[in-house]
Amino acid sequence: MFNLTMNGKQHLLLDRRKFLSVAAGLVAAGVIPKSALALAAPYSFKQGAYDITVVSDGTLMLPLSIVALDARPEDVKALLGAMVQGEQAQFEASPLLLKSGSDVILMDTGSGAGFQPSSGKLVESLKAAGTEAGAITKVIFTHAHPDHLWGTLGADGKPIFANASFHVAETEWNFWVAPDLAGKMPKDMEGMVKTTQSQLAGIKDKVAMFKPGAEVLPGINVLDTAGHTPGHVSFELAGGEGLIIPADAITNPFVFFAHPDWKFGFDADHDTAIANRKKLLDMAATGKKKLLGYHWPYPGLGMAEAKDGAYVYVPVS
Ligand SMILES: [Zn+2]
């Protein structure tokens with residue numbers, strides 16, 4: 001099974017290389033901007049009533065020490081394999097574009113400008129997928145961390161997705177907009193909280209709240225996966241056996257399928273995060289549901305197979 005995983009990864013790398021050589025020709029011909037070269041090609045498939053395209057906000061570097069707090073660095077390195085660069089690992093950040101009827105839906109907005117130089121490319125990636133920011137009718141958030149939310153407002157302080165309504169879990173919204181939040185957080189997180197609050201303030205007149213256990217849109221169920229943040233949600237899309245969008249309940253398939261009870265450094269409440277991660281993995285493995293991960297090796301589509309009390313990641317391409 002390890003070999004199958006490795007083959008899956010090599011296959012994806014080859015696809016990306018092929019894309020880059022085609023893209024280089026398009027840049028030379030002036031068809032696409034040079035900056036688009038670093039982005040993964042949009043990846044499309046159908047799920048129930050939705051045409052889904054995985055778009056890319058670019059990549060993020062994460063210190064290995066954050067990935068799994070209670071694991072030995074050499075074990076984390078071995079699991080992450082080709083993602084490792086020195087003492088860091090390169091994670092993808094892949095929002096989703098979903099189309100059904102007249103709805104053009106974006107799931108998470110990426111990190112925007114100024115977070116990490118390798119991220120904030122969503123608008124460019126949407127263009128490569130043939131969609132202008134103004135065409136988005138609804139934006140749905142999994143949670144309000146910078147790499148999922150800070151791409152919401154432009155430099156002018158107005159929503160980049162000017163014609164969209166914004167859909168957020170009520171618990172998540174209430175947690176982040178609390179006026180006394182910055183004072184309750186560690187000092188080095190104050191700036192992050194303030195930027196998040198200004199992003200949320202910029203959409204407050206266009207926001208709709210939802211709760212876990214209901215559908216946010218027809219065929220898109222909201223799953224309570226609190227722990228990473230207080231109101232973090234995952235989604236399950238109808239169609240076939242179902243498709244689970246775990247978001248940051250499972251930030252990496254190699255590490256957290258093999259060790260679902262390791263502590264991810266950016267989880268706010270480890271015990272709740274671990275319990276909900278295990279629930280999602282069990283649901284996926286038992287129901288043979290596909291999973292699509294925001295930070296997983298692009299495009300992030302795979303299955304979970306139960307093995308020896310943990311899970312094996314089987315990429316789907
Ligand atoms: Zn994230």
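One-based numbering, in listed order, for ligands and for the atoms of each.
- Identified under the side chain to side chain donor-acceptor pair (under 3.5 Å) test for residues 254-264, with sequence neighbours left out: none.
- Residues meeting the ring-ring contact (aromatic ring centres under 6.0 Å, His included) test with F175, sequence neighbours left out: none.
- Not counting sequence neighbours, the partners of H148 by the ring-ring contact (aromatic ring centres under 6.0 Å, His included) test are H143, Y294, H295.
- Inspection of the W150 and T109 side chains reveals no N or O donor paired with an N or O acceptor under 3.5 Å.
- With Q47 contributing its side chain and G239 its backbone, the two residues share a donor-acceptor pair below 3.5 Å.
- Within the protein, the N, O or S atoms lying under 2.8 Å from the Zn ion (ligand 1) are D147 OD2, H148 NE2, D248 OD2, H295 NE2.
- Salt bridge R72/E74: present, at least one basic N to carboxylate O contact under 4.0 Å.
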